[in-house]
Amino acid sequence: MSRSSHSTAVAEHHDNALRDSAVATNVLVVGVGGQGVIMVSKVIALLCQQHQLQVKQSEVHGMAKRGGVVFSHVRFGEQVYSPTIPTGEADVILALEWAEGLRWLRYLNPHTGTFIADTQQIVPPFACCNRQPGGLSGYDQLTANEIRSQLPGTLALDAGGIAAELGNSKAANTVLLGALSTALEFPVEDWQSLIAAAVPPQTVEVNRRAFTTGREWALNPPASNAAESVTPVVLEPVRAPAELEITEAWCKGCDICVKVCPERCLLLNEREVVEISDPAACTGCRLCEWLCPDFAIRIHIQTVEAQV
Amino acid sequence: MSASAQTQMRNLQGNHACALAAVAAGCRFYAGYPITPSSEIAERMAGELPQVGGVFIQMEDEIASIGAVLGASIGGVKAMTATSGPGFSLKQENLGYAMGAEIPCVVIDVMRGGPSTGMPTRPSQGDVMQARWGSHGDTVVIALVPDSVAEIYSQTIRAFNLSEQLRVPVVVLIDEIIGHLVETVAVPAPESLTLIDRKWADSPVDTFKPYAINGDDVPPMPRPGAGYRTHTTGLTHGEDGFPTQDPVLVAPMMDRILGKLERHRDLVDCFEAIDCEDAEILVVAYGITARAARRAVRRAREQGLRAGLFRPVTLWPFPEQALRSAAASAKTVLVPEMNAGQLCWEVERVCAGTPIARLNRVDGEVITPQQIEQQIMDLAAHE
Amino acid sequence: MAQLDNSSSVAVAFETESDGPIAPEAPANVLALMGNDAIARGAWEAGVRVAAAYPGTPSTEILEAVATYPAEDIQAQWSPNEKVACDVAIGASFGGVRALVAMKHVGLNVASDSLMSQTYIGVNGGLVLVVCDDPGMHSSQNEQDTRLLGRFAQVPVLEPADAQEALDFTRIAFDLSEQFDSPVIVRSTTRLSHCRSLVRIGERREVPPRGFCEDPVKNVMIPGHARQRHPVVLARDGAVQKYLATSDLIRWERGETSVGVITLGPAYTYVKEVLPGASVLKLGVSYPLAEKVVREFCDAVERVIVVEELEPFIEHELHALGIEAQGKAFFPRIGEFSPEIVRNGFRQAGVLPGSVENLADAELGIEPLARPPVLCAGCPHITTYMAMRALDARVSGDIGCYTLAAVEPLKAIDTCVAMGSSIGVAVGLAKAGTETKPIVATIGDSTFLHSGIPPLMDAVYNQADITVLLLDNQTIAMTGGQNHPGTGITLRGEPTYRVDFEELIRSLGVQSIKAVDSYNVGAFYQACRDAIEYRGVSVVISNRPCVLDPVKIKGPSLQVEAAGCTACQACMNLGCPALTWGEQRYEGRYKVTVDEALCMGCTLCVQVCPSDCIRPVVAQAHQ
Amino acid sequence: MSSAEHSDFEIRDYLRTDLFPHFMCPGCGHGIALRALLWALHELGISMDKLALVSGIGCSGRTAAYVDTNTMHVTHGRPLAFATGLKLARPDLEVVVITGDGDCLAIGGNHLIHACRRNLDLTCVMLNNEVYGMTGGQVSPTTSNDRFTTTTPLGNHEPVFDACELAAAAGASLVGREITLQTPSLKDLFRAALSHRGFSFVEVISDCTEIFGRKNDLGNSTEMILKQKSAIRPESYGNVVDQPFRPGNWSTGILARNERPEYGTNYREHIAAKLAVAVKGHR
């Protein structure tokens, strides 16, 4: 499917949605707390309000803002009941972060839905749990190309990069709105005026350009897709786990190692001698080794080469 | 080779002779701190050492000087420092270290008058007991007392030899008068000198014990960099060199270290005995005083008195046997010293039973031959 | 088309860098309102004169919205806890004005002591409790169903389904309250409270104050009076039911009769979404049940299916009436509904064709990335719980942001029960005598003022050997940074007396009190250790303010000098969202990088970094 | 900064393992500092045969013995003097001095300033634990104000030496400070010091937990070592938060560096030049 025909398909679908009052148009805006998901969804809601459409916009406040998953359902049409979008019925998923986009993909209408995603990766601390030598990030390994092979209409763009080129990386969301504007049938000037009213006065111009650039990008995505910047982490051979050796006779039980161990896998036993309580948890970071005043701890890290 | 090529007659100040002898003995490191009346030694070393590839350094104080000397010696280089009474006091702790850790070194003490700062430019022989007992704990030290510029030269060379051979600090006690005296010295050709280097360890590294007690009182020294990786400490240590306070280990080690000079009297002892065989009045004198005594004894003999002179050259360890035999016939022993009476106590101990007479002077003047002669006369008259 | 008046609008505050709201061109009486804003609007329109609340997600915005209306119209205040807020509203009602109290579902537990008596007393001015349930527990410790408490208290429970109804029902609730001399509960849920939709607004109706009604038998609940009042309460139920028989609050949407769906609240919208043509009885009031209408409806359809979130409340009422109805057989009793869950339920019931979907099925082979909520970058609680971990304490936690320290990576909270429970739980742990670890209760500033003071008093009174960490971040951070008596600022932002925690705690009899800045890791550790070693009750106050509220504290961002990083990832244990893996590795482990945009410059990572490789960006530039 | 990985560093290759466990108290920072030193030596590929560790008296002085190299445990305050002699006599050796705050700054203060002035190619490692630990906890020149020691029972009222400022002022051509908690940084500082041609002075903030920590109620070993972070506040961290979070103000890292002629090389070159002139003049 070519880009232009894709855009047309979305537009047609949207037209149908507006004609059939029973069917709402569904836009799911997703991202990470702090990215502006709510702001983006409000822009859409305001557009709807301007066009005197019923609109429901639903989100969850509270813990979500603390670096967690943020999503906002925006539904509009002549009549809207449910505040949330049924799975498989989102007309557009607008993802401000790559993995968040993937998380919600099942909400996308598999036939007519448009996936617009920033290729930006925000890797949470939680995805950095495997600290073993050779350990991998828990971040999704799917590339934009893989997604595009299944969802040909996917628009994966480096909005932050585009915005930075325009002179203000904070305008990334406006770039995405520009891309989104190609999938929803609202007049461009309405988008622009709403955005102009929403952003700080001194950034109106850069946001205007950001919107235009995002929109043009989506209407005519460059041949060399920025989506390629979403690449899987190169798999390194997993090395043998670290081994921790304790020379009991040297340990004086000062307890430093137990307390500094990032993995909490050491303890002082009843003889006041250090003991490893969870050998599998040891990553071989060497903090205990370094900070043992008694030289009682040794870390052995086997490299693949050594094993061969 | 002509005789003159072998031996060079030179007019030398005592302190300069000391410096030249040190260089001739193989000394290649000097660290010192200026102090009257020893400073000429440093000055001469500063000129001589660079020419033979040695190092001269003037340190921040006497403690640093002996420290640097010991450091250099541990590094395998013959090293020396020179000082005078106040500086000698400052060196005592590190001298004790050299004794305990058995590090060869030579310390020149050009003695000056008085306690404390005293009389910096006047002579005395006040440091003889300090040389023996100046450091804390039981000490083991060799002290040599030359009586002439020529002997300064020879005894300085001997000091290095003994220090290397026995791994003890050797103190050369020089009277200010001799230190500043210019005399003709027959400076031997370098190749004619007998120079002794310490024994270097050459046994397998794995089994090497730096302080082995194996009959040889003086264990070979490990040269840093040669792979022995030993530990040197002032703490009492076992044969492996590591600290111990185990009596079972400490006792034999102390016995070896403190007893090694006694067991090497043959190397260490050095004295002069003049007319002692039948001497009824035995004068025991050292250094410049011995020179006056020599003349006094000769004059006494000329006057028919049976006087003799015993002159320890190695003052410490004290040549007890030699003195005892020298004093065999003595009815009185006279000990003239340029101090308030120090060596006389040692003489009294050795010559127990024989009355000891003392002739002391602490006014910054030397004891003259006349004074000693007079005292001999007086002693003879009283008999 | 007219410009919206900024001052009277609580709608569509376009929260961007510019604080000014956008005024869309739309009819002046139609606003896009969030459910909570609509409730506040409804209260204002109903002529409410006093409103009080203790913040609690998802109810918090109600009072914040109320406070945007003129103070001459409504006295609005934060109270230290829900019971106090409820009593304030009760007092206002006694005073003859309309009063509103808002809370989350668990807040009603705290306030229920008052409610259970107030239901006997009834009202003078209208009294409405807005209680927001949290099906799915987006930010709550349980998902209890307020309708059960409504029935328990025998007060009418109104259930709006969207923002328009939230406004309307709130307004009506006051009328009902006065009409039936009863407190009335308006029950919301997260999905309603936080869903924004178009609302047609109205004008405020000034209700003349009634003045205090001197009627001790009604107003003073002593046994003798209460015995007279209980029958009144029972009679009231019937009166309300009678009212409901003809009320608009109950809406019968006629459709196919093969299936009749009884539903209410947001569940109604899902039903309409997936089963547009069915006969639906939408109950605007869940308690008491509109028995007459319900019977008629059930008689008119072949099969009755009840679609309700959480408890089978209506379903059981129907069973009690002898009506054959199904509900929880198809729809879960746990969690929040969604169109697909409701669709699935109808499929299961055979009402809709198609097979039941396993909604957990991941498509496209995507494993959703775990992105749990974490403490903010720069959160002072991080050090607090690092210290608890280091000291190997048995920690009884409490309700607040810091509850996040219970999970990886801090994992330093052993128990968390309810608001203010931590100290009492710690006392019990100490009294049990089985614990070998030091026992520490951790409690936030507002939680302490909410319900932590009596248990601290108890700890002193009963000589428990515990340590209390008072995490005074000077705001109610979890709910978005509200004020409380410890901040010295009112709901309307006016200065007021500020509780002196040290003085307060000392007056309770605590001898060992130390206030310390938890950003100073070393000093904080020591203060905690000293406190733990102290025999008896000791209190350590962490006085570092919240990094986000009321003002965002932002220092120079930090960065990792990768050359020096040894990938020990000790800093990752902070759980700071600004820290993530970089591209370089050390011995196979990822080195760390700082997201400069997220970093607040708190330097906690600097302080725990054993390689000293984290430095301020600015200083780096100077080097 | 070095990013060399650690895995090929086996510290036991550098230790006299038969002397272990060592005599230092539980939690003593000296062992950590020693590890960092050996790590740096390892990274620089310095042969233990060519290394000489000279240490003074005190707890710091005892650390050298545990290293399998040429070790000298000399008199109190004098390791710099010994090392000066050793290095001058044996320029081929890498000479490192391990000393303590009392050893280096009090009894050995004179030697320190002159060693700094001369700029002989030595590395002086001063383990600063703020106390005379070996003798039971007396006040030292670096004991912080108001700290209790056995000789300051009412708290220390004496002014305190900043060893690094002292060394820098005296002319040390590389001066640095680090805490033991930051072992890799300490290692890197040691590397810089060892690689430096000239006199390098490294102050290590090392905890005395059993004596000083106990006396001053500074917490257990872990707390003390974590508190080291509070004691360092490089200027660059200033104003990071609205109020300072560290009471101390010790800077860390390389604090002074200047390139001056190294004493030994300069001595030899100077002499060679002068002698050449003298010989020429003589002809």
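Because only heavy atoms are used, hydrogens play no part in the values below, and waters and symmetry mates are left out as well, while side chains stay in.
Taking the six-membered ring for Trp and thresholds of 30 and 60 degrees, D:Tyr66 and D:Phe20 have ring planes more than 60 degrees apart, a perpendicular arrangement.
Of the atoms belonging to D:Thr209, not a single heavy atom falls under 4.5 Å from chain A. Heavy-atom distances place the side chain of D:Leu15, and not its backbone, under 4.5 Å from chain A.
Considering only residues two or more places apart in sequence or on other chains, A:Ser169 meets the side-chain hydrogen bond (donor to acceptor under 3.5 Å, both in side chains) condition with none of them.
If you tally non-hydrogen atom pairs under 4.5 Å between each of D:Thr222, D:Leu181, D:Leu186 and chain A, the highest count goes to D:Thr222. Annotation: maximal heavy-atom pairing with chain A below 4.5 Å, among D:Gly31, D:Ser206, D:Ala33, occurs at D:Gly31. For the set D:Asn220, D:Ile32, D:Asp207, D:Leu34, the count of heavy-atom pairs under 4.5 angstrom toward chain A peaks at D:Ile32.
Considering every non-hydrogen atom in both A:Val260 and A:Leu287, the closest pair reads O-CD1, 3.8 Å.
A cation-pi arrangement is found for D:Arg62 relative to D:Phe23, the charged atom lying closer than 6.0 Å to the ring centre and inside a 45° cone about the ring normal.
Ionic pairing of D:Glu10 and A:Arg298 is present here: one or more N-O contacts between side-chain nitrogen and carboxylate oxygen are shorter than 4.0 angstrom.
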